[in-house]
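Everything numeric in this text was worked out from a predicted model, so none of it was measured.
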Amino acid sequence: MKTLLSSFICCLLFFDTSAKDGYGLWLDYSPVENPQLKTQIDPLFSGFFFFGESPTYDVIRKELDIAGQKMLGKTPIYSKERLAQSKVWLGTREQLSQVLGLQQQVDIRDLGEDGFWMGPIDFQGKTYFTIVGNRPIGVLYGVFDWLKTIQTGAFDPRLQKSDSPKVRLRMLNHWDNLDRTVERGYAGFSIWDWHKLPGYIDPRYIDYARANASIGINAVSLTNVNANARILTTDFMKKAKVLADIFRPYGIKVFLTARFSAPIEIGGLKTADPLDPEVIAFWKNKTDEMYSFIPDFGGYLVKANSEGQPGPHEYQRNHAEGANVLADALAPHDGILIWRAFVYSHELDEDRHKHANLEFEPLDGKFRENVIIQVKNGAIDFMPREPFHPLFGAVKSTNLGIEFQITQEYLGQATQLVFLAPMWEEVLRSRTYRPTSASTVAGIIDGSDSGQKLTLMAGVSNIGTDRNWTGHLFGQANWYAFGRQAWDHSLTSAQIADEWIKMTFGQKPEVLSKINEILLGSHEAAVNYMMPLGLHHIMGWDHHYGPGPWVTGGRPDWTALYYHQADSMGIGFDRTASGSDALGQYAPELVNAYADPNQIPEKYLLWFHHLPWDFEMKSGKTLWEEIGLHYDQGVKTARKMKESWSSLESEIDPERFDHVRQLLAVQVSEAEWWRNSCLLYFQTFAKRPFPEEIEQPEGDLEYYKSLRFPTAPGIRPRW
Ligand code: BDP
């Protein structure tokens, strides 16, 4: 009896009873199991010394409390007065040098506002593990980095490390509506509970801030780019202020989307003409009022003259005239105006691909210094794979930021595991050949090639009220990867995957290697079974869920036919000089490389070329055969991902294991659906048999065409 009881108690003590439902994200802080690491870490948690006070140090203490409890079962000790008794020093460069004198100074001035240094400092015969920043927020970033080294088993007490972000604004864009629906959101409703604000603070707001700060995100735009002017009313400012106050110690600034017609809708004016004195006064007063609530308000994000949103064109003004009036209102407060370049014509463009360059290139140099033009990674719309947007490198005197989409609108939404880091890495490393022959997209947006000081990487958030935040547990990997790449785009997807897996699932080699393989192969798999070889925009109508290569009707540039142009002769969009010449908007080096269908990387083939079904590919097979092989390969990889995950059953807690297992089964059936319906559809033009080596697509095209998804999430409200 006694033995039974003691083993029961033992189980209670050592069995982690907290459910693994994904809420803890990568900050779950698993118990440190490695005895050597434990011996190194344990004493450190007995003596933290802060060189000063700051609200950010308060949140650091809270984080250390959580981490200490979870990793070591221990409440950290903060030695207030007794510096010599402490083990870990935390403070800013200035705070440290005031106490220690200049000879002990850690000179990190070149690491900028957010950088940090960590390592051992010898002082009066003792060694102190030290984390130092130029500002308290740098210390917070350093602490998160240090905790990561523990979580990933990389901690080394002798290690010296410094780090600083490459991009100044690392920003999430929520597409959250005030009624809590989320445009292109697949994880439930908006986490901003506007109704209960300002009175009630959902604890999620704090966990959200912790998660963002842990990966270096320092700006969030709370509301949908398809904006509601009401967010700029006094009532909503009071609500937004509460969020800004929560986020401030975590180094996160709040931005809001501004609807261009707000002067009419909430200002009672007859016009929103940006040159009208009353409109200018409206924006100035509104902005001054905003800063009276949120003194460090980040600024506005604006979608104008795009997809029916109001903008300066209504008044025969251009984007610069529109943007500058808001920028001028923000400038006295050091606010920033982010203006989106996602524009295309109400009237049909010859090729929507060209539109942004046609509008923005002539305005180069006309925007105020505090304006950033936010450019989607590609010229169409967050497709599974796109060549980089030709605006990168095309302007010389305009700040350009990049916008990625973390929410998987076109990449399997929340039913599919698709790790987006490889796609972003591909874009960031793409050579633009402008302004210099060595320039890359990353070099444009971080200023190293473009020279711009105001730099931005934005990601459309995939966060919602679902318990695990992102709908699919693996959506967390994309949130994580976005923050890491915004901080340091030179990190590889493999490095980021490795960090995330260890922090989320632990360090067992088998778990690590299998999940790593799943993550790193998942994007190419999705491209293959959805839109291989440069095909694009062939998804379902409006909800964008699943295949829809047959979609037609309404605006041509919202149909699939406009983009794939399949006919009995061939398939693809001719964007070379013989077609729309969108290719001509890129640097001559790229024009030369891509104009020839035999030279262009095959992943972009049908993006730039319309080719006969029998066009000979590098493999010696015909284009038609290669299309089939790619679709089939995508399905096979999805199945392999599913099998590989299943083999981890004994290694992963049941709740998370089963969640992912079920969704991978859905993913396989969705991959088969994509392959079958697209191949059957394209075969009606190609009129050729499928290559023998592929699994023959099954089903009836008419059946696939008849499928409807009235419950598909994430569609914009129609009222
Ligand atoms: C498209 C989305 C649409 C957004 C638009 C945008 O389908 O819901 O409003 O982008 O970026 O991808 O403004």
Is the centre of the [X] ring less than 6.0 Å from the centre of the [Y] ring?
X: Y681; Y: H564; answer: yes
X: Y433; Y: Y586; answer: no
X: W673; Y: F709; answer: yes
X: W500; Y: F474; answer: yes
X: H353; Y: F573; answer: no
X: W624; Y: F690; answer: yes

Distance-only side-chain donor-acceptor flag, [X] / [Y], under 3.5 Å:
X: T492; Y: Q495; result: yes
X: E359; Y: N305; result: no
X: Y344; Y: D557; result: no
X: E183; Y: N224; result: yes
X: E361; Y: N357; result: yes
X: E499; Y: Y480; result: yes
X: Y410; Y: E386; result: no

Sequence neighbours excluded, the answer for side chain to side chain contact (heavy atoms under 4.5 Å, CB included) partners of T576 is D574, S578, L583, H609
Suppose we screen for side chain to side chain donor-acceptor pair (under 3.5 Å). Which residues come up paired with N478, at least two apart in sequence or across chains? Q408
salt_bridge([X], [Y]) N-O dist < 4.0 Å:
X: E589; Y: R434; value: no
X: E651; Y: K514; value: no
X: R656; Y: D653; value: yes
X: K636; Y: E695; value: no
X: R555; Y: E307; value: no

Give a yes or no on whether the backbone of A638 and the side-chain of Q667 come within a donor-acceptor separation of less than 3.5 Å. no
Side chains of W479 and L25: closer than 4.5 Å at any heavy-atom pair? yes
Can you measure from CD (E692) to CD (E625) and round to the nearest 0.5 angstrom? 10.0 Å
Pairs in or reaching into residues 545-554: which pass side-chain hydrogen bond (donor to acceptor under 3.5 Å, both in side chains), with residues at least two apart or in two chains? Y545-E670
Does CD belonging to E649 count more than 12 external heavy atoms closer than 6.0 Å? no
In terms of relative ring orientation, are F505 and W645 parallel, tilted or perpendicular, with 30° and 60° separating the classes? perpendicular
Between F392 and F388, what is the ring plane arrangement, given parallel below 30°, perpendicular above 60°, and tilted in between? tilted
